[in-house]
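In what follows, a structure is listed as structure tokens, so that the remarks can point back to it.
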Protein chains: 2
Amino acid sequence: MSSAAAPENPRPVRFGIMGCASIARKLARAMLLAAPAAAVVAVGSRSEGKARLFAADNGLPATTRLHGSYEALLDDPDVDAVYLPLPTSLHVKWATAAAARGKHVLLEKPTALCTADLDAILAACEENGVQFMDSTMWMHHPRTAKMRELLDDRSTIGDVRVINSVFSFRANEDFLHNDIRVKPDLDALGVLGDAGWYCIRAILWAVNYELPRNVIALCDPVKNQAGVLLACGATLYWADGKIATFHCSFLTNLTMDVTVVGTNGTLHVTDFIIPYEEKSGPFSVASESNFAELHTGWVPQPSRHVVTTELPQEALMVQEFCRLVQEIRDGGAGVERKWPGITRKTQIVMDAVKTSIDDGFVSVDVTS
Amino acid sequence: MSSAAAPENPRPVRFGIMGCASIARKLARAMLLAAPAAAVVAVGSRSEGKARLFAADNGLPATTRLHGSYEALLDDPDVDAVYLPLPTSLHVKWATAAAARGKHVLLEKPTALCTADLDAILAACEENGVQFMDSTMWMHHPRTAKMRELLDDRSTIGDVRVINSVFSFRANEDFLHNDIRVKPDLDALGVLGDAGWYCIRAILWAVNYELPRNVIALCDPVKNQAGVLLACGATLYWADGKIATFHCSFLTNLTMDVTVVGTNGTLHVTDFIIPYEEKSGPFSVASESNFAELHTGWVPQPSRHVVTTELPQEALMVQEFCRLVQEIRDGGAGVERKWPGITRKTQIVMDAVKTSIDDGFVSVDVTS
């Protein structure tokens with residue numbers, strides 16, 4: 001995967017983990033698994049004690065530098081890149097600060113509260129020549145690449161016409177009262193930013209990132225007393241007639257569906273964000289499906305595929321990010337714009353859905 | 001399954017098949033398989049020659065009486081019940097005529113062009129003490145009963161909150177130009193009446209036939225030049241916050257999904273109308289699904305179930321219809337009202353969706 005511009009045995013990308021959120025534990029492990037491409041060299045938290053505890057709990061090397069503030073982490077000259085899992089409301093401040101210090105940015109999703117904030121982050125990364133990527137792990141599973149292949153092979157799926165996606169998990173009482181994702185000052189997008197992000201991304205992925213023409217939110221979203229979304233959905237419409245619907249919720253059983261229906265075939269995946277098992281990802285494809293004689297069955301039947309992976313998807317994500325950083329740091333390459341572009345489209349659609357909800361489920365045009 | 005009121009070895013229900021549509025071939029086979037509960041004793045068509053050809057092609061007994069008109073079939077005193085697969089626009093005329101002649105009515109779906117027409121049919125059946133049932137075969141698969149059990153067991157699925165259903169098949173050019181389902185004078189409901197019927201039924205089934213409060217059709221339905229629907233969908237809303245979405249199409253690959261997401265669990269079935277194989281029906285259930293430590297997988301994983309059946313679902317449907325007819329004919333029972341009630345609710349929702357489409361995708365209240 002290394003480009004011609006990068007040396008054969010590139011130095012590891014030295015990560016600073018900026019904030020000790022629960023999800024950072026998963027990323028710390030991913031960075032260890034992504035060695036030698038990645039190395040965790042520093043942890044920054046609001047207190048050095050928290051950083052120390054995090055490093056110890058997550059098996060980070062004894063040499064890991066512990067910083068008692070985010071500023072101190074960004075001042076660390078031996079940090080190439082930061083992973084930033086802070087509450088969404090802090091993203092624009094700290095991601096732009098990281099970029100300004102020349103740190104590459106791996107940013108947890110949702111990337112920003114609105115596209116304008118994201119644009120500030122992306123502009124800062126561009127100006128400082130640092131790579132931006134959002135931390136949407138499933139994009140990096142080899143299953144996703146395999147499904148992409150099938151979607152691109154026109155004989156298998158044909159023209160995509162209808163997409164459904166659901167992502168829900170049933171949050172417990174503690175989450176519903178205390179998690180940052182239900183707090184208006186921390187993650188004001190609530191479930192839309194958290195679970196809805198994945199549904200929107202999956203839908204855009206299925207149509208090769210063609211933005212819809214307009215979106216209309218589903219009525220009757222569920223909000224908590226502070227007005228933060230706990231369950232919602234939307235329908236997305238494209239000018240050529242493609243239609244997608246998604247629903248996301250903190251209130252129903254763990255469900256992770258993407259169904260893509262095309263003129264020639266149908267793709268089903270029911271664990272798209274986090275595969276049932278870490279080292280394998282199943283999906284099923286039906287193509288040119290017909291009724292059997294007298295409509296007593298299907299010919300052919302859908303086929304089931306399983307794509308295995310030695311490294312979990314989050315480690316592959318870290319490796320892909322490292323590859324881009326190494327090409328910039330060591331190979332003189334410019335920043336790669338595919339991933340920031342995908343992030344931005346996801347955010348744009350999320351903004352439109354939020355606007356539709358806020359304005360009473362009206363149709364909202366999607367403009368880039 | 002026979003009730004106390006019926007004799008132990010009831011005489012077969014003597015069917016007249018009223019119209020030689022393609023689907024009637026499947027039902028003729030089902031009636032043969034449903035022996036000794038059922039017997040095909042007559043076929044009525046617009047010509048005796050067509051009736052003769054149908055009887056020969058479908059292995060009906062040499063004693064089958066062949067009628068050259070629907071009237072003649074209805075005048076046949078040795079016909080207990082008719083199966084009526086005529087174009088929808090003819091249902092109200094011929095189903096009421098059948099009821100008036102004391103024939104029990106197994107009616108192909110969609111049952112009518114509108115609820116008022118269906119009500120005329122149901123009233124005729126009531127007045128004449130004949131059983132009514134629509135021919136929605138999947139309702140009678142033992143898989144459906146098994147899934148119902150799981151939906152009713154509150155610990156497995158909990159409160160149903162979100163339902164998605166898709167039914168599409170890719171019609172060929174001949175179908176799109178010549179099938180009765182694309183002709184405004186024959187099946188004016190188009191894909192909504194044909195494929196949408198199943199989606200609406202599945203959604204109502206999932207909520208134990210509680211009618212939604214309102215429906216809003218999806219925008220951008222596809223119509224043919226005559227204005228008949230070829231692809232459409234809708235969102236259904238219940239007062240308590242349940243939401244269902246469906247999409248139906250003649251233009252995309254064969255797809256038959258129902259996904260039911262509850263507070264405790266999730267049900268997936270991807271061949272709900274016609275199982276992949278005639279003698280078995282698969283589905284999967286996830287219950288109390290959690291993320292594995294560090295969100296690296298699912299604990300527990302969904303479980304896959306397969307329900308087998310000796311007889312295909314359409315034969316089981318015929319047997320159920322025969323059981324009710326025998327209880328009336330031989331046991332002095334009154335007509336059974338569960339099946340007509342389910343039919344009526346399906347039709348009511350379909351009407352509301354059609355109105356929403358016709359009126360520009362507005363919200364339409366659902367009233368019984």
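Lettering follows sequence order; numbering is per chain, from 1. What you see below is based on every heavy atom in this structure, not just the backbone, and it leaves out hydrogens, waters and symmetry mates.
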Practice task
Go through the atoms of A:Thr263 and report whether side chain, backbone, both or neither lie under 4.5 Å from a heavy atom of chain B.
Solution key: both
Handout entry: Contacting region of A:Pro275 [heavy-atom separation from chain B under 4.5 Å]
Key = backbone
Problem - Contact class of A:Arg170 relative to chain B, heavy atoms under 4.5 angstrom - result: side chain
Handout entry: Distance-minimising heavy-atom pair for A:Ala206 and A:Leu151
Key = CA-CD1, 4.1 Å
Exercise for the section: Heavy-atom distances under 4.5 Å only: say whether A:Thr235 touches chain B with side chain, backbone, both or neither. Expected result: side chain
Practice task
Inspect the contact between A:Glu293 and B:Arg25 and indicate whether a charged nitrogen and a carboxylate oxygen are less than 4.0 angstrom apart.
Solution key: yes
Exercise for the section: Measure from the side-chain N and O atoms of A:Trp238 to the backbone N and O of A:Leu211, and report whether any donor-acceptor pair falls under 3.5 Å. Expected result: yes
Exercise for the section: Please look at A:Met256 and chain B and tell me whether the side chain, the backbone, both or neither of the residue comes under 4.5 angstrom of a heavy atom of that chain. Expected result: both
Practice task
Heavy-atom distances under 4.5 Å only: say whether A:Glu314 touches chain B with side chain, backbone, both or neither.
Solution key: side chain
Problem - Flag for A:Glu277-B:Gln301: side-chain donor and acceptor within less than 3.5 Å - result: yes
Handout entry: A:Asn253-B:Thr266 side chain donor-acceptor pair, cut-off 3.5 Å
Key = yes
Problem - Contacting moiety of A:His247, where chain B heavy atoms sit under 4.5 Å - result: side chain
Exercise for the section: Determine, stepwise, if the pair B:Met137 / B:Ile273 fulfils side-chain contact (heavy atoms from CB on, under 4.5 Å). Expected result: CA-CA 7 Å; B:Met137 304 171 185; B:Ile273 300 158; over 6 Å; no
Problem - Region of A:Val166 in contact with chain B, defined by heavy-atom distances below 4.5 Å - result: side chain
Handout entry: Side chain A:Arg143, main chain A:Pro282, donor-acceptor under 3.5 Å
Key = yes
Exercise for the section: Tell me yes or no: between the side chains of B:Thr252 and B:Ser168, is some donor less than 3.5 Å from an acceptor? Expected result: yes
Fill in the blank from the handout: Okay, A:Leu294 and chain B: the region with an atom under 4.5 Å from a heavy atom over there is both
Handout entry: Carboxylate-amine/guanidinium proximity below 4.0 Å for B:Glu108 and B:Arg181
Key = no
Exercise for the section: Specify which of A:Asp257, A:Thr259, A:Val222, A:Asp271 makes the most heavy-atom pairs with chain B at under 4.5 Å. Expected result: A:Asp257
Practice task
Say whether B:Ser363 and B:Asn214, considering side chains only, have a donor N or O and an acceptor N or O under 3.5 Å apart.
Solution key: yes
Practice task
Heavy-atom distances under 4.5 Å only: say whether A:Thr270 touches chain B with side chain, backbone, both or neither.
Solution key: both
Handout entry: Main-chain N/O of B:Leu60 paired to B:Asn58 side chain as donor or acceptor, under 3.5 Å
Key = no
Handout entry: Electrostatic pair B:Glu210-B:Lys242, nearest N-O below 4.0 angstrom
Key = yes
Handout entry: Top of A:Ser22, A:Pro221, A:Gly233, A:Pro302 for chain B proximity - count of heavy-atom pairs under 4.5 angstrom
Key = A:Pro302
Handout entry: Residue selection (most heavy-atom pairs with chain B, distance under 4.5 Å) from A:Ile216, A:Leu218, A:Leu251
Key = A:Leu218
Problem - Contact leader toward chain A among B:Gly265, B:Ser289, B:Gly297, where contacts are heavy-atom pairs under 4.5 Å - result: B:Ser289
Handout entry: Residue part contacting chain A, namely of B:Thr245, when any heavy atom lies under 4.5 Å
Key = side chain
Problem - Donor-acceptor under 3.5 Å (A:Ser356 side chain, A:Ala217 main chain) - result: yes
Handout entry: Contact winner vs chain A - B:Gln313, B:Glu278, B:Glu288, heavy-atom pairs under 4.5 Å
Key = B:Glu278
Problem - Close approach to chain A in residues 152-165 of chain B, criterion heavy atom under 4.5 Å - result: B:Arg161, B:Val162, B:Asn164
Handout entry: Top of B:Gly262, B:Ala292, B:Gly241 for chain A proximity - count of heavy-atom pairs under 4.5 angstrom
Key = B:Gly262
Practice task
Determine, using ring centers only, whether A:Phe169 and A:Phe175 are less than 6.0 Å apart.
Solution key: yes
